[in-house]
Every structure is written in structure tokens, then in C-alpha cells.
Enquirer: 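Below you'll find the structure I mean.
Only a predicted model underlies this, so the values are computations on that prediction, with no experimental measurement involved. By convention in this document, chain letters (A, B, ...) are assigned in the order of the sequence lines, proteins followed by strands, and residues within each chain are numbered from 1. As a basis for the values below, the full set of heavy atoms in this structure was taken, side chains included, without hydrogen atoms, waters or symmetry mates.
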Amino acid sequence: MIHPLSAILVVLAKELLDNIRDRRSLFYSLIYGTLFLPCMVFGPMIFQINKQTSSYESGRDLYVVGAQLAPNLLNYLTSENFNIKHAGADYAHQVETHAYDLVLEISDDYGDALLNGTPARVTLHYLSETSDSQSHSRHLEHVLHAYNQKIAMQRMLARGLDQGMLMPLDVTLSDLSDENFGSSMLASMLAFVITFSCTMGGFYLAVDVVAGERERNSIEPLLSLAISRSQILLGKFLAILTFCTVSYAAALLMSAAMMAFMPEHIFGFGDVSNLTTYTKLMILFWPLCLLLASAMLLITTYAKSAKEAQTLLGVAMMVPMLPLLVIQFLDIEASPSQLATPVLSQYFLLDRIMMDSTHPVLAMLPGALSTTVVSLILLGIALRLFGRDKMLS
Amino acid sequence: MIKVTAISRSFLKKGRRKERIPAVNDVSFTAIDGQITGLLGANGAGKSTTLRVIAGLLTPDSGDVAVDELMLSTSGEAIKTRLGFMPHNPGIYPRLTARENIEYFARLSGLDKALARQRTQELIDLLGMQAFAERRTEGFSQGQKTKVALSRALVHKPKNLILDEPSNGLDVMATRSLRRLLMRLRDQGHCILISSHIMQEVTAMCDKVAIIHRGQVVIDDTISGIHQTTGQDNFENAFVVAIGESLEEPQ
């Protein structure tokens, strides 16, 4: 008779080979969840943020009509990272044809108006239909507003008036929270990506290894062999766990690679593209992976057909996402008992580790233990179900 | 040798009322070494349930099975090493090749890698599977599937072979080839137990037949013994008489 461990490994090797040859399964486990999902979730956000921020930092071209009329204003704009360029007479056409994002037109009487203390007119020509032109114009509007205030202050000072008279309130913002909205949002998105990828990784394999075997009647000769049913099921469980692990690890690495393109100051934290952060997240989420693999095994063992398993798994895969929604909507603070609750614990700690990569590894222990215990209970129930005579179709 | 002693097995009926339906009731017969024993019965008579109990797939409500000197109730796992079981449906893995299907069962039966490979090759040669051994089994004909399933049942050289309707879906030539193989195994001293509902197959191959009807063995004898007991020259008529039906065609 075969050694129990060898039997488990032989079943594991067969299930892995079988699943790797199933193109649909391979696509969902190794491509959809791991590559496409992080790209779809983080890609557009990173693209937009970079687009908005990089242009402000590296300077944006500003086409000006009548630049010679306002040298001081242009010096101020240059100091604010605008590259001043002279616009031609057909500037309106250039804006309409998207050649220019924005044109600043300085009126002919600009100098006289400033001297006389009357409003000097400047016109911003832009296209509200394009986001680039609109954001560029909004930025320029802010800069001009600041210049406006600066001139007003100088005038008050020249007339011997205290500038404080025009500012009765001195508003100062002091944020005392230990987390920020940006990091929480990113943490939620990452939690979704990891959980979803992990589930997708084992989904089709789970359907196939027990419910699928029952459906195509291959379970009968398999169970007639001189190995225990628990060895067979453990081999199948390890195959699901392997695919779940590979999927969530790859999704995490892909997300980490994408975070490297995220401007750090936007969210006000510096650990988002840190290797320690992702190593800790890898450890943090493995018990959840164990839980998902055993839950999927239980469902496929319970189901009478592959179709039923697929339907049940489709509904069940939403369950691990629920705590994420609860945290988001109810704005729950993590208590010690919640940090020891399976799934909730992983989501709370993900947020903390992303904020601070030095967050102690030991903090993961209660959640990891409780999640492992629940996984073992589910695995035990699956083993019990697999031992029933009903397993034969 | 396989000795079945008074096995009974019922199943829970679907529905609100927890009624049990008996599938086999007090079934006893013996299949001895060097013989092909047939378990003959109509569809739903209890043939597959009986074979599943012997193969250790179903636990009997009562009764026991002895395989060689081992009892199913006390040595279930050990008995399985002495049995080769081919179910009614071949149940082979479509994404594995024929060779991989056989090797998988060989490894799970306790053969090391080298021996599993060697034994698989022997069976490929024996059953003439060279042409499709390296192909994935998806799309195989019924005959090809049966050959792969039979190889899996034989791969660990079991002394006792249980085949549930082995010629199911096979064409004439494949059936003849299977029959020759089983007779060769019988001559080598194997104990072979097959189930069937095809009279021609049973008379052509079996040394001994147990006729099962509504979950009970109604007769267990040699072919000539059955003819004698029922007083019928034609085996089909003998079967009809044995299960207590009228020989007259219904109007």
C-alpha cells in the first residue's frame, strides 16, 4: 500500500497537471485575477493621478496673448511652473482644435487699469469638453487668484493699512487622525483585489476536483483504490490551496508593481511601495487563503453536480467581501476582538500595515490563529461529507 | 475468491418521508478463483449495488464480504489491494492521456514510479493501446475508454477482478477482444466477477452465474445447472423462469 503522504502528493500532482491543462481554469486563476484585476482596479486611478500631478510638477505650457503688457504677472506665472509661450493671432482656433489647452489673453488696457486701481481684465480661453483643458484652466485660475490677493495686500500696505484687517479669521487645519482617507481607500481596493484573485484562483479547480469528478463518474474507480478518502481529499485540498496561494501572491506582487507608479505624497504615506509592506501582507493574507480554499472544498464536496458547485461558489465568493463593505459603510474602529475575527482581522491589519510597514508581525497572530481554526473546522466537515456513501453519483 | 454472505443495503428515498428503499436484500453467492462468475439481472435488479459493496464503496446495512481470507468489515483497505474494480462508467480523466490515467492509478495503488511506468507499458501492449496511449482521452471511443478503465483496474495485478457491465457500448470486435482477455486472466487463476444483463455475453464467458432479481439472488449455479433447475434449454427462457416471470409473451 502507498504511504499516506505519497498518496496525498500523487493526488496533488495529478490535480495540478489536470488544472494546468484546463485553459479556462488557468486563465481565471493565473491571468484574470492576478494580472487583469489589479490593472483594472489600480490602473485608471494611477493614470489619472499621474496625469494631474506630473503636469503641475514638471510645468505646463501656457500660451499668452499680449505677454508684453504684463511682465510682472508673467514672471509670477513662471515662478509657479508655467512655461510661457506666445500665442498667435489664431489662438481661438488653436484652442478649438485642441492644439492649445489654454490661452491667457491680457487686455490692451491692462497696465493702465493697474495704475488707476481699477480691475485689469485677463481672459482664460479653454475648452470645458476636455478634462486637460478644464483642469489646466482651474489651476491657472487658482494661481491668478493668489496673484490677485498678493497685489491687493501690497496696495493696502502702500496706503498704510494693516493687511490683517481683510482677514478677520486665521483658519488653520490640524489633522489628528492616525490614518488617512487615501490609504484606507487604497487598502480597501487592495483587500478586494487579493480576496477576489485568491477566490478566482481556486474556483474552477474546486468545481472540478470533487463535484466534477462526481459528475463524470471518475470518483467511483478512485474511491475503490486502497487509499483512504481523507488522503484523496487532502491532496485535492492542497491543489486548491496551491492555486489560491499562487493567485493571491501574484495579484499582490502585481499590485505592488503598480503602486510603484503611484505618487506617494498624494496619499500622505510612504510605505505603499515598500518591500516590507508586501512581505507582511503576503503573510497576513495566507490564513485567509487557507480559509477560502477549505470553504471552496467544502462547497464542492457538498454539491451534487459541477453546476450546483459553480452556483454555490459564485454566491459564496461574495461572503468574504461583506466585512469589507461593513467596514467601509459603518466606519468601524478595530477592537481587540475584531482583530481576532477571521477576515475582519486581515482587512483591518492591511490598512495599518499600508500606513506603517513597521507594524508588528505579532499583531497578526490572533487573526491568523482564529482563521486557521475556522479553516480546519471547514476542512473537517468536508472530510466528513466526503466519507459518505452519497459521494457516489 | 469472493464470498458474499447475506448482504443487504437500502437507500433513503427522496422526499419528506424518510422511507428506505431496499436495493439488495440478503444477497449471498461465491465467485471462486480460476472462474468467471456472472451477476445477471435486469436493470435496477441490484447488480451495481452488490458490486459497489464488494468493492468497498458502499457500506452494507448487514452481512459481510470475504475476499480471499480477509473480511470487508474488518480489513476494508487491505481488501482493496486485492481487488481490481471497473465501474459501469469508465470515469477516466479527459485532460490526461491514456498513459497518464493508468499511471495515476498505478501510483495510488502503491507502485513506485519506475514500476508504474513499466506496468503501464505492459498493459498498453497487452490491450493494443499503442496508437492512442499518448493522446488525451477526451473524445476517445467507448472501446478506447473501456480499455483505459480496464488497464487501471488491472495495473496493480489484483487477484480478483470486478467488472460492472464491461462490454457496455463496445462493438463486436472490441467485445470479442475483451472476452479473450478475461478468459486468459481466468486461465491464469484470477477470480473474475462481472455483472451483465446480456444473456449472450454471460453464456459465452461465464462458468457460473448468480441471477439477481429485485435485490435478491434467486439462483446461483453453473450455466448447465441453471438450465437443469429451470427445465429450460434456452438460457433466456431459463432466466425468465428463474426470476418468476411467465414465458408467454404479454399480449
Enquirer: Rounded to the nearest 0.5 Å, how far does NE2 of B:H156 lie from CD1 of A:I2?
Expert: 12.5 Å
Enquirer: Is any side-chain heavy atom of A:E220 less than 4.5 Å from a side-chain heavy atom of B:H88?
Expert: no
Enquirer: Give the member of B:R136, B:K80, B:R95 that has the highest number of heavy-atom pairs under 4.5 Å with chain A.
Expert: B:R95
Enquirer: If you count heavy-atom pairs within less than 4.5 Å of chain B, which of A:D18, A:V11, A:L222 leads?
Expert: A:D18
Enquirer: Which atoms of A:I232 come close to chain B, meaning under 4.5 Å heavy atom to heavy atom: side chain ones, backbone ones, both, or neither?
Expert: neither
Enquirer: In terms of heavy-atom proximity below 4.5 Å to chain B, should A:R229 be classed as side chain, backbone, both, or neither?
Expert: side chain
Enquirer: For a side-chain contact (heavy atoms from CB on, under 4.5 Å) check, start with the C-alpha distance between B:L108 and A:K14, then their side-chain angles and the critical distance, and finish with the verdict.
Expert: CA-CA 11 Å; B:L108 289 178; A:K14 179 262 164 190; over 6 Å; no
Enquirer: Checking A:Q231 against chain B: side chain, backbone, both or neither under 4.5 Å from a heavy atom?
Expert: neither
Enquirer: Hey, could you give me the CG/CG distance between A:L223 and B:L58, rounded to the nearest 0.5 Å?
Expert: 10.0 Å
Enquirer: Do you know which of B:L57, B:L96, B:N89, B:L12 has the most heavy-atom pairs with chain A at a distance under 4.5 angstrom?
Expert: B:L57
Enquirer: Could you walk me through whether A:R21 and B:E100 satisfy the salt bridge (Lys or Arg N to Asp or Glu O under 4.0 Å) test, starting with their C-alpha distance in whole Å, then the side-chain angles of each, then the deciding distance to 0.1 Å, before giving a yes or no?
Expert: CA-CA 13 Å; A:R21 285 184 182 168; B:E100 286 164 348; 2.6 Å; yes
Enquirer: The test is side-chain contact (heavy atoms from CB on, under 4.5 Å); show your working for A:D208 and B:Y93 and say whether it passes.
Expert: CA-CA 11 Å; A:D208 192 63; B:Y93 299 104; over 6 Å; no
Enquirer: Just so I understand: if I count every heavy-atom pair under 4.5 Å between each of B:G110, B:G56, B:G76 and chain A, which residue has the most?
Expert: B:G110
Enquirer: Name the option with the most non-hydrogen atom pairs under 4.5 Å to chain A; the candidates are B:D112, B:L83, B:I92, B:T81.
Expert: B:T81
Enquirer: Please look at B:R82 and chain A and tell me whether the side chain, the backbone, both or neither of the residue comes under 4.5 angstrom of a heavy atom of that chain.
Expert: neither
Enquirer: Counting only heavy atoms not in A:F192, do more than 12 sit closer than 6.0 Å to its CZ atom?
Expert: yes
Enquirer: Based on non-hydrogen pairs under 4.5 Å, which of B:F11, B:F85, B:F105 is most in contact with chain A?
Expert: B:F105
Enquirer: Quick one: pull up CE in B:M86 and OG in A:S224 and give me the separation to the nearest 0.5 Å.
Expert: 11.5 Å
Enquirer: Can you tell which part of B:P94 gets under 4.5 Å to a heavy atom of chain A, answering side chain, backbone, both or neither?
Expert: side chain
